[in-house]
Amino acid sequence: MNIEDIIKPENLVFKKTGLLTEKPLSYCPGCGHGVAHRLVMEVIEEMGIEEKTIGIAPVGCSVLAYEFMNIDMQQAAHGRAPAVATGVKRVLPDHFVFTYQGDGDLAAIGTAETIHACNRGENITIIFINNGIYGMTGGQMAPTTLPGMRSSTSPYGRDVASMGHPLKMTELVAHLPGTCYVARHAVHTPANVTKTKKSIRKAFEYQRDKKGLSFVEIVSNCNSGWKMTPVDSNQWMEENMFPFYPLGVIKDIDAKTK
Amino acid sequence: MAKARGAIVVDKEKCKGCELCVVVCPTNVIRLAQEVNGKGYHFAYMEIPVACTGCTNCALVCPDSVITVYRLKQPVSEN
């Protein structure tokens, strides 16, 4: 059997969603942002809400998210995406609003906005990409950098005595009464990609049902910032990031209690 | 024995050669090419097309969504 006999429209099982533009992504090879972008867009396409969804782009590597996501987007000042999303959602309550933020944006300069939006229970969805480093500016230490992890501003490893402890934003916001769904996932293996997509779908469904703020963290790699190949960085992430940032659903107000 | 048959199409010019598809492929179909694309990346291609089952693992982890997957609806018998 020839390859040409298989490559026919009727045999198609996977293709890039039409909600991603044709522009090549500006991310480094192997960066988790690409998969996260695609999953958010696939969920929006499957729910048929592309005409009613407004995304808020952050500052960081994904500052140009509006170039790649073929929906209505607004780019916010550094860390202010949840505040902008709050405004958009209150003006257009029947629309879906999500923010897409990295750890430097959400966990450092935007901590106040994030925590207060979560505490107010704004009916929005936050997608949080955590790679433990400031990727865009050259791999500096972020609040989420692991203890002992090397970065360009902690070349001997993060020393918690002088540099403080990493911030677990996801566990933190799970304690707030305004959040309805809080989960942490990864996108480096097919199984994790499927789980993450289900979680993002649930987050948007909770927003549709006006249950409160839904928050999905995606632990990702930064192979350029970590100075590794994409494959090595995923392995390093499994060995070092996951013990500190365990994957799973942390809070689900609709979960059946045993 | 009946075997699922599939095939992938890689958008060569957008592939960044990150190699993530190569390591997740359960049947080791994918390799990086010796030659490079317009951006200088070694793009992914099917080295052993007959082994592809169309499982979509490569497409799921591809950060740049450059892989399109096709799979025959009926498994073919192996002779």
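In what follows, chains are A, B, ... by sequence order, proteins preceding strands, each numbered from 1.
Residues B/Lys16 and A/Tyr27 share a closest heavy-atom pair of NZ-O, 2.6 Å. Between A/Gly79 and A/Asp105, the shortest heavy-atom distance links the atoms N-OD1, 2.8 Å. The shortest heavy-atom contact between A/Asn223 and A/Cys28 is OD1-CB, 4.3 Å. Nearest heavy atom pair, residue A/Leu247 against residue A/Ala186, reads CD1-CB, 4.0 Å. Summarising the geometry of B/Cys58 relative to B/Ile8, their closest heavy-atom pair is SG-CG2, 3.9 Å, with the distance given to 0.1 Å.
Contact of the B/Val10 side chain with the B/Tyr45 side chain is not registered, since no non-hydrogen atoms from C-beta on lie closer than 4.5 Å. Taking 4.5 Å as the limit, every side-chain heavy atom of A/Gln140 sits out of range of all side-chain heavy atoms of A/Ser151. A/Met149 places a side-chain heavy atom less than 4.5 Å from the side chain of A/Trp236. Between A/Val63 and A/Met136 the shortest side-chain heavy-atom distance falls below 4.5 Å. You'll find the side chain of A/Asn240 stays beyond 4.5 Å of the side chain of A/Phe244, heavy atoms only.
Looking at A/Asn192, there are no atoms closer than 4.5 Å to chain B (heavy atoms on both sides), in backbone or side chain. Of the two parts of B/Val23, only the side chain, counted from C-beta on, holds a non-hydrogen atom closer than 4.5 Å to a non-hydrogen atom of chain A. Proximity to chain B (any heavy atom under 4.5 Å) is shown, for A/Val231, by both the backbone and the side chain. Within the 4.5 angstrom heavy-atom criterion, only side-chain atoms of B/Lys14, from C-beta onward, approach chain A. Neither the backbone nor the side chain of A/Lys197 has a heavy atom closer than 4.5 Å to any heavy atom of chain B.
Counting heavy-atom pairs closer than 4.5 Å to chain A, the top-ranked of the candidates B/Val9, B/Leu20, B/Asp11 is B/Leu20. In terms of heavy-atom pairs under 4.5 Å with chain A, the best-connected choice from B/Ala59, B/Cys15, B/Pro49 is B/Ala59. Between chain A and the options B/Thr68, B/Val24, B/Val66, the largest number of non-hydrogen pairs under 4.5 Å is found for B/Thr68. Ranked by heavy-atom pairs shorter than 4.5 Å toward chain A, the options B/Gly17, B/Gly54, B/Gly6, B/Cys52 are led by B/Gly6.
Other residues, nucleotides and ligands contribute over 12 non-hydrogen atoms within 6.0 Å of the CZ atom of B/Arg31.
Residues of residues 10-26 of chain A placed with any heavy atom under 4.5 Å of a heavy atom in chain B are listed by number as A/Glu10, A/Asn11, A/Leu12, A/Val13, A/Phe14, A/Lys15, A/Lys16, A/Leu20, A/Glu22, A/Pro24, A/Leu25, A/Ser26. Chain B is approached within less than 4.5 Å, heavy atom to heavy atom, by A/Cys31, A/Gly34, A/Val35, A/Arg38 from residues 31-56 of chain A, ordered by number.
For the atom pair OH of A/Tyr245 and OG1 of A/Thr170, the computed distance is 8.5 Å after rounding to the nearest 0.5 Å.
Between the side chain of A/Arg184 and the backbone N or O of A/Gly248 there is no donor-acceptor pair closer than 3.5 Å.
In the model, A/Ser199 has a side-chain atom that pairs as donor or acceptor with a side-chain atom of A/Tyr181 under 3.5 Å.
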